Amino acid sequence: IKENIDKFQNILADEKIEKYGFNLKEKIVQLKMKNVELKGNLFDIAIARYVTGHNIFKKDIFSMVEEYRRILKENNQEYLFYKVEMPLTEVLAWMEINGIRVDVEYLKNLSRQLSGEIKILEDKIYKEAGEVFNINSHQQLSKILFEKMKLPPVKKTKTGFSTENSVLEELSKLHPLPKLILQYRELHKLKSTYVDGLLSYVNKETGKIHPTFNQIITATGRLSCSNPNLQNIPIRTEKGSMIRKAFCPSDNNIFYSFDYSQIDLRILAHLSEDEKLMEAFFNDKDIHTETAQIIFPPDSLFSSGYTDKEKRRIAKTINFGIIYGMSPYGLSKELNITPEEAKVFINSYFEKFKGVKKYIEKIIKEAEKNGYVSTILGRRRYIPELKSEDKNQREFGKRVAINMPVQGSAADMIKVAMNNIYEYFRKRKLKSKLVLQIHDELLFDVYPEEEEEIRENVKKLMENAIKLKVPVKVEVKKGPNYLELE
DNA sequence: GCGATCACGTA
DNA sequence: GTACGTGATCGCG
C-alpha cells in the first residue's frame with residue numbers, strides 16, 4: 001500500500017484530476033493519516049445515490065458517474081451535490097481525524113462511583129421485591145411488578161406489559177419499587193453507555209475519541225454519528241450532564257459552542273411566511289412565551305385556568321408538535337390531557353397562525369402530487385406511505401411531509417456553514433479544530449490566540465450560510481469543558 | 001453470532 | 001407526533 005501511495009501521490013494531489021469513488025470519506029481519512037492529501041473535485045457514487053434517491057448500477061464507474069450527473073441536473077440538485085455534500089465529505093474526514101479529547105481519569109472515577117450507587121440500589125430493589133432477579137430483563141421485571149406485586153399494568157407492548165419510564169412513574173404512587181427501578185435505570189444507562197462505553201472508544205495514540213460521521217444515513221439530510229454516537233450525550237438530568245464534563249479541549253485550549261437558536265421554527269417561519277411567526281422573530285421575542293400569549297389571549301375564557309408558566313410549557317410543546325406534524329392524540333399524550341382538550345389547543349393555534357395552517361395544507365398536497373417533499377436546497381424525501389392502503393401509514397406520510405422540509409433545511413444550512421467554516425480555517429491557516437456537530441450546534445477546540453477571530457467569524461458564517469426571510473441567530477458559548485459553557 | 005424487542009440518550 | 005444510535009436480554013441457530 002505504501003508503495004502504491006507513493007506511486008500515485010502525484011495523481012492524488014493533482015487538483016485538476018477529479019476523483020470518483022464509493023465512500024470517499026473513508027479513503028480521505030486513511031490517506032490523511034499517512035499525510036497524503038487528496039485534492040481535486042470529488043464525486044462519490046454513494047452520496048449521489050443518497051441525494052438523488054436513484055440506485056444506478058452500470059459496469060464501470062465512469063458510466064455510473066455520467067448517469068448520476070444527468071439525474072442531478074434533471075432534479076435540480078447540482079448545487080446540493082457539488083457545492084454542499086461533496087465538499088462536506090472532506091470536512092467530515094477532517095473532524096473524524098481531529099477527534100475530541102476526554103478526561104479518562106474523570107470517567108474512570110465516575111465509573112467506580114456509579115458502581116457503588118448501583119450496588120446500593122440493587123440491594124434495595126431485591127429487598128423490596130423479596131428476591132434477587134435481573135433488573136435489566138423486561139421479562140423478569142414484568143413478572144415481579146405485575147404478577148408478584150400485582151401492580152396494575154398501564155400499557156402493553158407487542159410481547160407483554162410495558163415497563164417504560166411513564167409507566168413506572170405512574171406506579172410509583174402505589175409502591176416504592178418502581179421509583180427504585182427508575183433510579184437504577186438512569187445510573188445503569190449512564191454507566192454502560194456513556195461512562196464505560198465512551199472509555200472503550202478512547203484512542204490509545206491520540207487520547208481522543210474519533211467517532212464516524214455518517215453522511216448517507218438519514219431520511220432528512222441530517223448527519224448521524226456512530227462508534228460512538230456523540231450526538232446524544234446526556235444533558236437533561238443533573239447526573240447525566242456530568243458526562244459532559246468529561247469532554248474537554250486539548251491542552252491550554254478553550255471549548256467553543258455555536259448554537260443555532262430556534263432554527264426549526266425560524267425555518268418554518270421562512271417556509272410558511274406566517275405573519276405572526278415572522279413578526280416574533282423580527283422582534284427577537286422568546287418564541288414560546290410569544291406563542292403562549294397568542295394562543296391564550298388575556299381576555300379569553302379558556303386561558304384563565306393556567307398560570308403563565310403552564311401556558312409557556314403548553315405553547316412550547318405545541319411548537320415542537322407543529323414541526324413533527326402533531327395530531328390531537330400525540331399532543332394529548334405529551335401534555336397528559338385528553339385528545340379533546342388537545343384539539344382545543346391545536347385549533348386555537350391554527351386560528352392564530354393561519355400562515356402555518358395554510359403551509360401545512362399546501363405541503364401535504366404537494367407531497368401527494370409529486371410523491372416527495374424538498375428542502376430549501378432541493379434535497380428530497382420520497383414518501384410512498386402517502387399512497388398506502390393503511391390509514392396509519394398515510395397519516396405517518398403526512399407527518400413526514402411536514403417535518404422533513406423543516407428538519408432537512410436546517411441540515412442544509414449547517415452543512416453549508418461547516419463548508420464555509422472549513423474553507424475559512426484553511427485560508428487563515430487556523431490551528432483550531434471543529435470537533436463535533438450536533439444537528440444545530442458546532443463545537444470547536446480553540447487555541448487562545450485564535451479565540452477572538454473565531455468567535456466573530458464562525459458566528460457570521462453560520463448566520464449567513466443560507467439567507468432566510470427571518471433573521472438567523474447563533475448563540476456563542478465558551479468554557480473549560482462540554483458542561484461548563486457560558 | 002445475529003436479529004428482534006424494549007428502553008432511553010440527543011436534536 | 002419527527003430524526004437517529006447503543007446496550008441488554010432473549011430466542012434462534
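In what follows, chains are A, B, ... by sequence order, proteins preceding strands, each numbered from 1. Keep in mind that what you see is a predicted model, and the values were worked out from it rather than measured.
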Do the side-chain N or O atoms of A:Ser137 get closer than 4.0 angstrom to the phosphate oxygens (OP1, OP2) of C:dA8? no
Under 4.0 Å, counting only non-hydrogen atoms across every strand here, what does A:Ser166 touch: a base, just sugar-phosphate, or nothing? nothing
Over all strands shown, is A:Arg185 touching base, sugar-phosphate only, or nothing at heavy-atom distances under 4.0 angstrom? sugar-phosphate
Just how far, in rounded Å, is P of B:dT10 from CG of A:Leu442? 19 Å
In whole Å, I'd like the distance from the CD1 atom of A:Ile181 to the P atom of B:dA7. 13 Å
C:dT9 phosphate, OP1 or OP2, under 4.0 Å from A:Asn134 side-chain N/O: yes
Counting only side-chain N and O atoms of A:Gln139, is one of them less than 4.0 Å from OP1 or OP2 of B:dC6? no
A:Ile243 CD1 to B:dC8 P: how many Å, rounded? 17 Å
Would you say a side-chain N or O of A:Thr159 is under 4.0 Å from OP1 or OP2 of B:dC6? yes
Sugar-phosphate, base or nothing in reach of A:Ala219, heavy atoms under 4.0 Å: sugar-phosphate
Pick base, sugar-phosphate or nothing for A:Leu190, based on heavy-atom distances below 4.0 Å to the nucleic acid. nothing
Please determine whether a side-chain nitrogen or oxygen atom of A:Arg381 lies at a distance below 4.0 Å from atom OP1 or OP2 of C:dA3. yes
Given the structure, check if the side chain of A:Asn229 and the base of C:dG5 hold any donor-acceptor pair shorter than 3.5 Å. no
Touch check for A:Ile235, heavy atoms < 4.0 angstrom, all strands: base, sugar-phosphate only, or nothing? sugar-phosphate
Indicate, yes or no, whether a donor-acceptor pair under 3.5 Å links the base of B:dT10 to the side chain of A:Gln231. no
With the side chain defined as heavy atoms from C-beta on, A:Arg222 is closest, among B:dC6, C:dG1, B:dA11, to B:dA11
Respond yes when some side-chain nitrogen or oxygen of A:Ser224 is under 4.0 Å from OP1 or OP2 of C:dG5, and no when none is. yes
Answer yes or no: does a side-chain N or O of A:Ser162 lie under 4.0 Å from OP1 or OP2 of B:dA7? yes
OP1, OP2 of C:dG1 versus side-chain N and O of A:Lys333: anything below 4.0 Å? yes
Regarding A:Val406, tell me which of base, sugar-phosphate or nothing describes its non-hydrogen contacts under 4.0 Å with the strands shown. nothing
Need to verify one output field. Residue with the more 5' nearest nucleotide on DNA chain C, A:Thr220 or A:Ser226? A:Thr220
Is there a donor and acceptor pair, one atom on the side chain of A:Glu334 and one on the base of C:dG1, closer than 3.5 Å? yes
At 4.0 Å (heavy atoms only), tell me whether A:Ile323 reaches a base, stays on the sugar-phosphate, or touches nothing. nothing
Mind checking A:Ser192 for me? I need base, sugar-phosphate or nothing, with any heavy atom below 4.0 Å counting as a touch. sugar-phosphate
